[in-house]
*Asks:* 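Quick one: structure below, then a few questions.
Naming: A, B, ... by sequence-line order, numbering from 1 per chain.
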Amino acid sequence: MELPSQYNAKDVEDKIYKLWEESGFFNPDNLPINKIRNSKLKIRNFCIIMPPANANGNLHAGHALVMTIEDIMTRYKRMRGFKTLWLPGLDHAGFETQVVYEKKLEKEGRSRFQIEPEQLYKEIFEFTENNKKNIKNHVKKMGASCDWSREKFTLDKDIIKVVYETFEKLKKDKLVYRGKKIINWCPKHQTSLSDLETSDTEKTDKFYYLKYGPFTIATARPETKFGDKYVVMHPKDKRYKDYTHGQKIELEWINGKITATIIKDEAIDIDFGTGVMTITPWHDATDFEIAERHNLDKEQIIDFYGKLLPIAEEFSGMKILEARAKIIEKLQSKGLVEKIEENYKHIVKTCYKCNSLIEPQIKEQWFLKMKPLAAPAIKAIEKNQIKFIPSHYKKIAMHWLKNIIDWNISRQIVWGIPIPGDEEGQVFDTWFSSGQWPYATLKTTGKNDFKTFFPTDVMETGGDIIFFWVSRMIMLSLYTTKKIPFKNVYLHGMVLDAKGQKMSKSKGNVINPLELAEKYGADALRMGLVVGNTPGTSLPLDENKIKGYRNFANKIWNASRFVLQQTAEVSLRGGSEATDVAIQSNRLPRRSAPRNDRLTKKDKRILNDFKKQAKEITKDMDNYRFYSAAEKIYHYFWHTFCDKIIEDSKKGEVSQATLLEILTDCLKILHPFMPFITEEIYQQLPPPAGGKKQKCLMIEKWIL
RNA sequence: GGACGAGUAGCUCAAUGGUCAGAGCACUGCAUUCACAUUGCAGGGGUUACAGGUUCGAAUCCUGUCCCGUCCACCA
């Protein structure tokens, strides 16, 4: 067969993916392993649950990395004879998706608040349905060998059923409660957020020193101060030893005379400012805690849209910033402003999506009691039942679990799983459902998968969601199934641009992985993503690097072309006759080639050396050192096989059989990394004599 | 403030206490009908951040210092 002198990924990839899909071998039930392994040999299972991609956009570089690493693991284990399942899925991604959709609405001049909830839900549902199709195609472009017959979506009816069962169980065990507690409120998105969904932003504001009776208090937020009727100081502060806890004082405040109560509490920092502050329990987490401790009144000053309530009297209905200036004017006219510090730098909480200032509010919400849920997780991790790769993530996870606080799981958006039996418009935090993903998926495939594959083998995901997702999966799984959800956690770093900068739309340095795959081939992109990428560290993605692996693909192509031309009639143990035919039908080798059934010392040395390399690489694969395995096989193939062995074969020093054997084995090792090109070449290899070729390289046996 | 990580060739990274610290990219010189120019051959490039210590032996272990990064918690 004539092969072109350049490898053209575009002509090959879709065709090969179709071949795999039609073979049915993505589905573990169809793997020949089930027929070969009889009762004497235990069937070994291997399972990865794909982190469900958010159904609200396209595949980005981070996804491409996930697909690459997980596909490498999956293909490797499949070739090692494991009954291998990689279960794909998509996430409705509650708040994230709603934010994306709201931006779309904004562009169309519409607003979520003008649309009936049912209609909005329907629209977002259609939006995600479209995205799901796109993402699925993108995942296929990357070569992912996942079992599409088991694909899941977080809003599938059976998944929701599992989520509800867990919620009911939590309720029964009194681990979930409704509480009027202080929560993070985003005034733009009109929902509460968990503590993980806020960011810290440094802000420069004016800092006001106000006279509060005999005290001076300092604040950056005078607009919250209307209801302040408690003045707090440290019990050990000698400056205020003459004041006693509970003592009442009369004083002139923003809108006239008020009665204030002295509170002594250790939360006060003696050295900060004057050591005295007034509290606003409705709009500040620390103040809320002080109020809880002393059973103090709490009053709402600002509404959920960021406007002052009637308690502010003449300022009622004003927006925060407008009110702030006017209040200070009034206080100044009353002589209650001692001084104003101009450039006061402080950290404020913002919504991690829109950067709006978070307004803490007291609101009735659903909370999960986390301490009892965290305890078994801490125990399991301590006992190393779950292995972290890289290992230092163990410490990070433990630190968080040991300092865990209750989790607000209710959101006031339409896009999500409704919280049952609650008021309208309340849905679960999306992580409450994805936190159950490993068992929710395996329990709902309609097969015996939970029994077969749970706990799963590897959870591979980004290190940045170790708290959001990984830790919560461990806790919820131990709670619901009494089992850990996975034995290993492999955490990759972030994909950065070529200069090592974080990709962002505003910087305009976002790399689209599909464009790179289109230009250089998915195999080249995969190599570019995996070589030099140690777990846990971020990876700068350089187009030149991918170009280099495109060249490598071409090298593989041409080396294979050469070997196939040389050995057209030779099989691995084809006998001397076949070799002679090969010699006559080709220009090379010039001198008498060694008979391939009688290997020379050089052949043996080459084969032994290869075996050594293969062993090293296998060890790397078993220890999740894919960066190292990929580099080794790259180096071996190019600089040993091509530059030395093939060159020596031209001089007649290496037999054709050896060439073919090493080529075949190299293709096997390369397959998990570069599945398309290796499969394409495998399809054209002659079958080994006395043996049969498999339908695809994908299910060939690993070299050892 | 706390936690975690990193500092090795121009760049990105390996090196599991044990040869002369290695790869890829980049760079320099040479080669060109040869499977492949998306190529081949040859080459330059290192005080492993710094200072001590442990050891027969340290990039690796310990202590300290200096930078860099990430995360968490925060002062009204």
*Asks:* Counting only Watson-Crick pairs (N1-N3 plus N6-O4 or O6-N4) and G-U wobbles (N1-O2, O6-N3), all under 3.5 Å, who is the partner of B:rC75?
*Replies:* none
*Asks:* Rounding to an integer number of angstrom, what distance separates B:rC68 and B:rU8 when you compare their P atoms?
*Replies:* 14 Å
*Asks:* Check the angle between the aromatic planes of A:F626 and A:Y624 and answer parallel, tilted or perpendicular using the 30° and 60° thresholds.
*Replies:* perpendicular
*Asks:* Rounded at 0.5 Å granularity, tell me how far CG in A:D464 sits from CE in A:M494.
*Replies:* 5.5 Å
*Asks:* If the glycosidic angle is within 90 degrees of 0 it's syn, otherwise anti, so just tell me which one B:rC11 is.
*Replies:* anti
*Asks:* Partner lookup for B:rC68, please. Criteria are Watson-Crick or G-U wobble with both distances under 3.5 angstrom; report none if nothing qualifies.
*Replies:* B:rG5
*Asks:* For a quick check, tell me whether the side chain of A:E647 and the base of B:rA35 share a donor-acceptor pair closer than 3.5 Å.
*Replies:* yes
*Asks:* Using a cut-off of 6.0 Å, state whether more than 12 heavy atoms not belonging to A:K502 lie near its atom NZ.
*Replies:* no
*Asks:* Need one value for A:Y7: base, sugar-phosphate or nothing, where a base atom within 4.0 Å counts as base even if backbone is also close, heavy atoms only.
*Replies:* nothing
*Asks:* What's the gap between B:rC13 and B:rG17 when it is taken at their P atoms, as a whole Å value?
*Replies:* 23 Å
*Asks:* Supply the atom-to-atom distance A:I279 CD1 to A:K298 NZ, rounded to the nearest 0.5 angstrom.
*Replies:* 9.5 Å
*Asks:* By nearest atom, which of the nucleotides B:rA35, B:rC25, B:rG24 is closest to the A:N544 side chain?
*Replies:* B:rC25
*Asks:* Hey, is NZ on A:K181 packed in by over 12 heavy atoms from elsewhere, all under 6.0 Å?
*Replies:* yes
*Asks:* Report yes if some heavy atom in the side chain of A:W431 is under 4.5 Å from a heavy atom in the side chain of A:W407; otherwise report no.
*Replies:* yes
*Asks:* Check nucleotides 3-13 of chain B against the protein and report each pair of N or O atoms closer than 3.5 Å, with its distance, or say if there are none.
*Replies:*
residue, atom, partner, partner atom, Å
B:rG5, OP1, A:K395, NZ, 3.3
B:rC13, OP1, A:S538, O, 3.4

*Asks:* Below 3.5 Å is the cut-off: list the nitrogen or oxygen pairs between protein and nucleotides 73-76 of chain B, distance only.
*Replies:*
residue, atom, partner, partner atom, Å
B:rC75, OP1, A:T286, OG1, 2.6
B:rA76, OP2, A:Y344, OH, 2.5
B:rA76, N6, A:D269, O, 3.0
B:rA76, N6, A:F272, O, 2.8
B:rA76, N1, A:D269, N, 3.3

*Asks:* Can you establish whether the number of heavy atoms outside A:K547 located under 6.0 Å from its atom NZ is more than 12?
*Replies:* no
*Asks:* If only side-chain N and O atoms of A:H639 are considered, is one of them under 4.0 Å from the OP1 or OP2 phosphate oxygen of B:rG24?
*Replies:* yes
*Asks:* Which nucleotide in the set B:rA35, B:rU38, B:rC72 lies at the smallest distance from any side-chain heavy atom of A:R561?
*Replies:* B:rA35
*Asks:* Answer yes or no: are there more than 12 heavy-atom neighbours, outside A:K507 itself, under 6.0 Å from its atom NZ?
*Replies:* yes
*Asks:* Please report the distance separating the C1' of B:rC71 from the corresponding atom of B:rU19, rounded so that it comes out in whole Å.
*Replies:* 41 Å
*Asks:* Verify the contact: side-chain N or O of A:Y634 to OP1 or OP2 of B:rC25, cut-off strictly under 4.0 Å; return yes or no.
*Replies:* yes
*Asks:* Answer yes or no for A:K650 and A:F562: cation-pi contact, defined as NZ/CZ to six-membered ring centre under 6.0 Å and angle to ring axis within 45°.
*Replies:* yes
